[in-house]
Every structure is written in structure tokens, then in C-alpha cells.
2 protein chains.
Amino acid sequence: MKLEQAKQQFVQTWGNFGSQWGINRSMAQVHAFLLVSDHSQCTEDVMESLGISRGNANMNIRELMNWNLIYKESVVGDRREFFRAEKDMWEVAKRIVKERKRRELEPLQHHLAELKKVEQSYESISFVATIENIERLVTRLDGLSNTLMKADEHVFFGKILNMFK
Amino acid sequence: MKLEQAKQQFVQTWGNFGSQWGINRSMAQVHAFLLVSDHSQCTEDVMESLGISRGNANMNIRELMNWNLIYKESVVGDRREFFRAEKDMWEVAKRIVKERKRRELEPLQHHLAELKKVEQSYESISFVATIENIERLVTRLDGLSNTLMKADEHVFFGKILNMFK
DNA sequence: TCAATCTTTCAATATTTATTGAAACTTTTG
DNA sequence: CAAAAGTTTCAATAAATATTGAAAGATTGA
């Protein structure tokens, strides 16, 4: 396979993967495109390479900036904005975890806490028990996220994987 | 809040959470309904409680069975099928991880391995390096999944969280 | 300042994904 | 064995999500 083909293939693969995890397919594709670009790229480059509209390209580039997965760069003598991706994949993983924790795990924890305030009754006992079981799991996943976000890659995986051999 | 209200609220919350992670909202809602049901429930119960059609209820019940998150149960003197959810949330987590690993992580690993076979050139070097970085991360996540699927809850979280304090 | 260039917004539209419901199929029971 | 009761399928439809593109808004530099 030729390099350009492989890059396009990767864009598709990463787009599919993202979309299976609730990430907008185009956003994942833009991310993929920048991950395999050697130089920073402008909006036009993204539009052309992925065959998407300006609005779409712009929106997803902004969103990737919000996730802190890509950076804006200036090219001297050019007023367009250029973008490059963070390529340290451990950093990328940390930032995705950080964002999803904030957007999804934390609101869920808040909701579960609220549900425990249900009016007490004989029948509410098992309901609250179930909610508390879920809460415990979510709290632990949250703790795991915190750990991951602070840890060094080698330490994180090295220790865990050895431990359970 | 009254118990019935709280259960309905939980169904909404769990449905939203699932849908943010690429799980069909109705499937997550059916799961939630069974998680907070004290007794096993039949298709009619699901249809009525969630206000969905027979086809939809049936399909998502089947899918939850495929994921091994709910069980079929017989009630004597009733020919309908009844369903109850696995309530051990650590088991639930393990089974979800197992399924997503199989459906998403493993195909991704396969694709990444293929991409490394790109025709070699000066410019392919950095591309392959990026793919290998992603591959390393995915392989480690895969290892983490394996660890989690085999581990006891207390051991898994206890050791990890203490370690990185 | 203002014209040129680039970026953002958002209502209209297209695409994807989910849902319905009736017909076909299966199982049980008298 | 046939009717009743329950389950599954799937083409049609609805709903949710994503995309477009043109107009409005910024920014730059002469």
C-alpha cells in the first residue's frame, strides 16, 4: 500500500473507532488526518483531504482545540490558521480521559447521588442498594481516571500489568 | 422523590450515559429498567414501562442477552419469557469490557497492524512511527482489559489506587 | 479607514440511526 | 392437530445527528 492510501485508510479506521465510542466521525477523521500529517495544516487542507465543507471542518477543528488534542500554529507570511496534533499518544489518552470524565462521569455521579435521596420505603431499599453499587463502580472508575491522568505511561501500565500476571 | 419517579429518572440517566458511549439509548434504558426491577419482567412490562414498541423491546432484550447482561427466566404457569439483569456491577463492568474489546479494540489492532505494512519510503517513517505509538497504547489498553476481566474488584482497584497515591 | 482575506455561525438539508407495527414464524396447550 | 399465545423479523417511517454553504463577522495590512 502506498503512503497516501495508508493515510486515508487510517483516517477511515480512526473515524470508525471514534464513532463507535460516541465521538463525531468527522471530528475523529480530522484528528486522524492531523495525527498523520508531518506539518501543520490549514482549514483548506482538511476540507480537501477529507472532502468536507468549510463549516464542518471549522467546527471539528474548534472542537479538537476544546479537547486540547490539536494546537494552533502560525506560519510567517500567511494569515491563515494552521493546526497540528499532539502526537504523544499517552498525552492524547490522558486528555481524552480528562474530557470524558468531566462531561460524562461527573454528571453521572451527580445524578446517582440525587437518586439516593428517594423517599424511603420497604421497596426503596433494594433500589438504593443498586444505585449505590453503580455509584461505587463509577467512583472507582473516576479514581482510576485521576490516577491515569497523573501517571507516567510506563509506571501506569508497567505496575498494573505485572501485578496481575 | 417517589420511588417510581426515581426509577424512571434512573432509566433516563442510564440511557443518556449509554448513548454518550455509543450504546443504543433504548438498550441502555431497558438495561436500566431491569437493573432496578426487583422481579424478572416480560416484554410487555418493558414496552409499557419505557413506552416503546414490541419490536424495539424485543430487539434490545435480545441484544442485552448477547452482551450477557440479562438472563432469561421461566415463571411457572406462564409461557412468556421473563428477564432479569445481572446486578453485580463489577460483573457487569467486566462483561461490557469483554464485549467492547472484542467488537472494537481487536478490530482496531488488526487494522493498525495492516497499516504498518505501508510501502517504505522516507516519508513513511514518521507515519509508521505514529501508527506504532497508537498501537502501543491500544495494546496496553487491551492488556488492561484482560487484567480487569480476570481480577477481583477489590484487588483491582485497591492495589491500583493505593499505588499511585 | 476600508478592502481583502480568513473565520464563524446557523438555518436548511442530507444522512444516519432508531423505531414502529403488522405479518410471518414458533411454541404450547387442550 | 389446530387454535391460541408468544416471539421474531423487516420494510416503511420517524427521529436524531451531521453536514452544507452562504451570509455575517473578524482580522489584517496597505
Side-chain angles (χ1 to χ4, degrees), chain A residues 11-34 40-67 70-84 100 103-104, chain B residues 11-34 40-67 70-84 100 103-104:
Chain A
V11 165
Q12 295 305 315
T13 296
W14 200 239
N16 282 337
F17 186 68
S19 114
Q20 287 177 309
W21 288 82
I23 300 295
N24 179 296
R25 175 179 250 100
S26 293
M27 174 169 149
Q29 288 183 340
V30 174
H31 188 214
F33 170 65
L34 292 175
S40 61
Q41 307 282 328
C42 69
T43 304
E44 293 279 349
D45 297 330
V46 170
M47 291 166 61
E48 190 190 351
S49 177
L50 305 189
I52 63 178
S53 71
R54 183 174 304 284
N56 195 1
N58 181 265
M59 158 185 289
N60 286 300
I61 286 170
R62 289 309 129 199
E63 194 61 5
L64 285 163
M65 298 267 288
N66 290 342
W67 284 65
I70 66 174
Y71 309 110
K72 197 187 289 193
E73 266 189 358
S74 297
V75 168
V76 286
D78 198 325
R79 35 201 278 203
R80 291 172 297 176
E81 295 180 321
F82 285 76
F83 306 93
R84 78 183 158 80
R100 300 206 74 152
R103 293 172 183 232
E104 295 143 16
Chain B
V11 165
Q12 294 307 314
T13 297
W14 201 239
N16 281 338
F17 186 67
S19 112
Q20 287 177 310
W21 287 83
I23 301 294
N24 179 297
R25 174 179 252 101
S26 294
M27 172 168 151
Q29 288 182 340
V30 173
H31 188 214
F33 170 64
L34 292 175
S40 62
Q41 308 281 330
C42 69
T43 305
E44 292 279 351
D45 297 330
V46 170
M47 289 166 61
E48 190 190 349
S49 178
L50 304 189
I52 62 177
S53 71
R54 185 174 302 283
N56 195 0
N58 181 266
M59 159 185 288
N60 285 300
I61 286 171
R62 290 308 129 198
E63 194 60 7
L64 285 163
M65 297 267 288
N66 289 341
W67 284 65
I70 66 174
Y71 309 110
K72 196 187 291 193
E73 265 187 0
S74 297
V75 167
V76 287
D78 198 324
R79 32 203 281 202
R80 291 172 297 177
E81 295 179 322
F82 285 76
F83 306 94
R84 78 183 157 79
R100 300 207 72 153
R103 293 172 184 233
E104 295 142 17

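Just so we're on the same page: letters track the sequence lines, and every chain starts at 1. Computed from a predicted model, the values in this text were never measured in an experiment.
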In whole angstrom, give the distance that lies between atom [atom1] of [X] and atom [atom2] of [N].
X       : N      : atom1 : atom2 : answer
B:Trp21 : C:dT17 : CH2   : P     : 19 Å
B:Arg25 : C:dT19 : CZ    : P     : 9 Å
A:Ile61 : C:dT9  : CD1   : P     : 13 Å
B:Glu44 : D:dA5  : CD    : P     : 13 Å
B:Arg62 : D:dG6  : CZ    : C1'   : 11 Å
B:Leu50 : C:dT20 : CG    : C1'   : 15 Å
A:Met47 : D:dA18 : CE    : P     : 20 Å
A:Gln29 : C:dT15 : CD    : C1'   : 14 Å

Among the nucleotides [options], which one has an atom lying closest to any side-chain atom of [X]?
X       : options               : value
A:Ser26 : D:dT19, D:dT7, C:dG21 : D:dT19
B:Met59 : C:dT19, C:dT8, D:dT19 : C:dT19
A:Ser53 : D:dG21, D:dT8, D:dA18 : D:dG21

Would you indicate, yes or no, if C:dT7 has its OP1 or OP2 atom less than 4.0 angstrom from a side-chain nitrogen or oxygen of A:Asn58?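 Answer no for this pair, as no side-chain N or O of A:Asn58 is under 4.0 Å from OP1 or OP2.
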Check every strand shown and say whether A:Arg54 touches a base, only sugar-phosphate, or nothing at a heavy-atom separation below 4.0 Å.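 Base contact.
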Looking at every strand, decide which applies to B:Arg80 at a 4.0 Å heavy-atom threshold: base, sugar-phosphate, or nothing.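 The answer is sugar-phosphate, as B:Arg80 gets under 4.0 Å only of primed atoms, P, OP1 or OP2.
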In terms of the angle between their ring planes, are B:His31 and B:Trp14 parallel, tilted or perpendicular, with boundaries placed at 30° and 60°? tilted
For the backbone of A:Thr13 and the side chain of A:Asn16, can you confirm whether one donor and one acceptor N or O come within less than 3.5 Å of each other? no
First encountered from the 5' end of DNA chain D, between A:Met27 and A:Arg79: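 Result: A:Met27.
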More 5' along DNA chain C: A:Ser19 or A:Asn56, using each one's nearest nucleotide?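 Residue closer to the 5' terminus by nearest nucleotide: A:Asn56.
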Going by distance alone, is a donor N or O of one side chain under 3.5 Å from an acceptor N or O of the other, for B:Asn60 and B:Glu63?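 Distance-only check fails for B:Asn60 and B:Glu63.
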For a side-chain hydrogen bond (donor to acceptor under 3.5 Å, both in side chains) with B:Ser40, tell me which candidate from B:Arg84, B:Lys72, B:Glu73 qualifies. B:Glu73
Heavy-atom closest contact (A:Met65 atom, A:Tyr71 atom, distance):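 Shortest heavy-atom contact: SD-C, 4.2 Å.
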